[in-house]
Every structure is written in C-alpha cells, then in structure tokens.
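Each ligand, and each atom within it, is numbered from 1 in the order the structure gives.
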Amino acid sequence: MSSRYLVVGNWKMHPATLEEAKRIARRTRLLAAKLAHTDVVACPPHAFIQAAGSRNSPENFSIGAQSVSVQEGGAHTGEVGAGMLKSLSVRYVIAGHSEERAAGDSDEVVSQRIGRALDAGLTAIVCVGEKVREESGAHFAFIKEQIKNSLAGISEDKRSRIIIAYEPIWAIGAQDAMPPEQIYEMSLFVKKAFADVFGPDAGLKVKVLYGGSVNFRNASDIIVRGKVDGLLVGRESVNMPGFSELLKAVDAIRA
Ligand code: PGA
C-alpha cells in the first residue's frame with residue numbers, strides 16, 4: 001500500500017447549479033487542507049470543472065474529469081478533449097465507469113479514452129467491476145479480461161499514471177458496500193492482473209481503489225481491512241456532512 005490515501009469524489013451528474021457546485025468544491029478544498037495523509041480529487045461534471053478549482057487549492061486537492069473524448073480534436077460535436085481538460089488544470093480522468101460502459105463503452109473505447117488521457121499527461125482512473133458475483137468464480141476471469149483489454153495498447157512507460165478502481169457494479173448506488181474481506185481478495189487479484197499486463201513490479205506499485213456505496217461509516221474499515229490505497233466515492237462525495245466525516249475517518253487511520 002502506498003504511503004498516502006487517495007479519495008476520489010465522482011460527482012456524476014450533480015449538483016444542479018453552478019452555485020451549488022462552487023459551494024461543494026470550496027468545502028471539499030477546505031476539508032482537504034486539514035488532512036495530513038490523504039489526497040483528495042473532486043470530479044465534477046465538465047461544465048463545473050473550471051469553477052471547482054481555485055488558485056488557493058491545497059496541494060493535496062486536485063480536479064478530475066469524469067470522462068474524456070476518444071478524439072483528439074476536430075469536428076466532434078459535444079466532445080471534450082484531454083488537452084482541453086489539461087488546460088483547465090485537470091490532473092485525473094475517470095475512464096470506463098460502469099455507467100459509461102452501460103451506455104455503450106466497450107473495453108476498446110475505454111482503452112482509447114485512457115490513451116488520450118495519458119498522452120495529455122493526465123492520470124487515468126480506470127474502473128473495472130463485475131455485474132454479478134458467481135459461485136463458479138467467473139467474475140475473476142471477467143475482471144482479468146476487462147483489465148487486459150482496457151489497457152491494451154497502453155505503453156509501459158505510462159503505467160505509473162494508471163490507477164485501477166475496482167467497483168463491483170452490484171455495489172454501486174446500493175445499500176451496502178462489498179465486505180472488506182472480499183475487497184481485499186479482489187484488490188490482490190486486480191494487482192495480479194495488472195502485473196500480467198505490465199510485469200510483477202508494476203503489480204506491486206499500482207494503486208487500487210475501491211468504489212461502490214462507500215460512506216463515512218464504512219470508509220475506514222474498507223481501507224484498513226480491505227487493504228486498498230483509497231476510495232472512489234459517488235453519492236457521499238456531494239453530501240458534505242458525510243464526506244467531511246469520511247475524509248476525517250480516512251485520514252485518522254494513519255494518525
Ligand atoms: P456510489 O457510486 O458511491 O454512489 O455507490 C460509486 C461510483 O459509481 O463511482
């Protein structure tokens with residue numbers, strides 16, 4: 001496990017207004033400034049990215065984007081390119097979120113998005129996760145394939161800017177997160193699958209996050225017993241009282 005924790009807030013299609021986005025971002029920056037061992041990434045919708053940053057952001061606070069175009073530039077209506085995000089001081093891009101995969105992204109498209117993000121100098125947070133857990137253990141093979149195919153064509157020199165977020169789909173937007181013991185097992189498996197692509201050393205170094213119904217109550221347990229490097233947080237990242245408690249709980253693990 002790395003020496004600092006990483007908590008990524010995926011705001012999804014929230015909040016409804018610019019004013020609210022500014023408020024959440026300001027609050028998140030202030031919370032981050034109080035943490036000693038934790039890096040915080042806020043991923044607002046593209047429309048609010050610029051407003052979420054600040055010249056006075058603490059060093060451990062960054063902005064991420066929820067997706068990036070597979071195109072570099074040109075006549076592509078509605079698309080937002082990696083270079084544009086970079087020019088807005090974005091440092092991270094989420095790729096392959098299950099909601100985007102459900103809307104049509106194949107592993108191949110995910111690998112193109114990752115490629116664009118990495119080429120622009122950004123760090124890619126690559127989401128993987130099974131729809132269901134089967135007694136036969138078929139989800140292991142599924143995750144392995146998803147990692148291999150999503151990282152196809154990515155050159156080795158960029159591997160240090162790849163983070164894997166393991167998010168079992170059945171635990172996203174659900175009542176409960178995956179039990180920490182299972183998270184531990186899956187995080188080891190994800191590292192092994194990453195090592196199969198980029199070599200044993202890469203497997204030891206890659207950061208693995210867990211996502212899926214993380215809240216202030218379960219966050220610490222997931223990191224301590226699930227032995228992950230951090231969390232990808234949906235709903236709780238725009239619920240300020242909860243996110244505040246979550247960040248404090250994570251930072252307190254090392255205190
Ligand atoms: P959730 O979402 O924390 O609301 O379950 C997680 C995610 O989809 O990244």
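In this structure, Tyr210 contributes its side chain and Met178 its backbone to a donor-acceptor pair below 3.5 Å.
Residue Leu85 comes nearest to Leu122 through the heavy atom pair CB-CD1, 4.4 Å, listed as atom of the first residue, atom of the second, then distance.
For ligand 1, the atoms sitting less than 4.0 Å from at least one non-hydrogen atom of Gly212 are 5 (O), numbered in the order shown with element in parentheses. If you number the atoms of ligand 1 from 1 as listed, the ones under 4.0 Å from a heavy atom of Gly173 come out as 1 (P), 5 (O). Set against the non-hydrogen atoms of Arg235, the atoms of ligand 1 under 4.0 Å away are 1 (P), 3 (O), 4 (O), 5 (O).
Distance from atom 3 (O) of ligand 1 to its nearest protein heavy atom, with residue and atom name: Gly234 N, 2.9 Å. Looking from atom 9 (O) of ligand 1 to the surrounding protein, the closest heavy atom is Glu167 OE2, 2.7 Å.
Among Ile169, Ile164, Asp107, the one residue that satisfies the side-chain contact (heavy atoms from CB on, under 4.5 Å) test with Val128 is Ile164.
The pair Asp119-Lys158 counts as a salt bridge, with a side-chain nitrogen and a carboxylate oxygen less than 4.0 angstrom apart. A salt bridge between Glu59 and Arg4 is absent, with no side-chain N of the basic residue lying under 4.0 Å from a carboxylate O of the acidic one.
Among the atoms of Leu232, none of the N or O lies under 3.5 angstrom from an N or O of ligand 1.
Counting non-hydrogen atoms of neighbouring residues, nucleotides and ligands closer than 6.0 angstrom, the CZ atom of Phe140 exceeds 12 such neighbours.
Only side-chain heavy atoms of Asn10 come within less than 4.0 Å of ligand 1; its backbone N, CA, C and O stay farther off. Only the side chain of His97 comes within 4.0 Å of ligand 1, counting heavy atoms alone; its backbone N, CA, C and O stay farther away.
Counting only non-hydrogen atoms, the option in Lys12, Gln175, Gln66 that gets closest to atom 8 (O) of ligand 1 is Lys12.
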Next on the checklist: If you apply the rule side chain to side chain contact (heavy atoms under 4.5 Å, CB included), what do you find for Leu151 with Phe198, and how did you get there?
Outcome noted: CA-CA 9 Å; Leu151 300 177; Phe198 291 121; 3.9 Å; yes
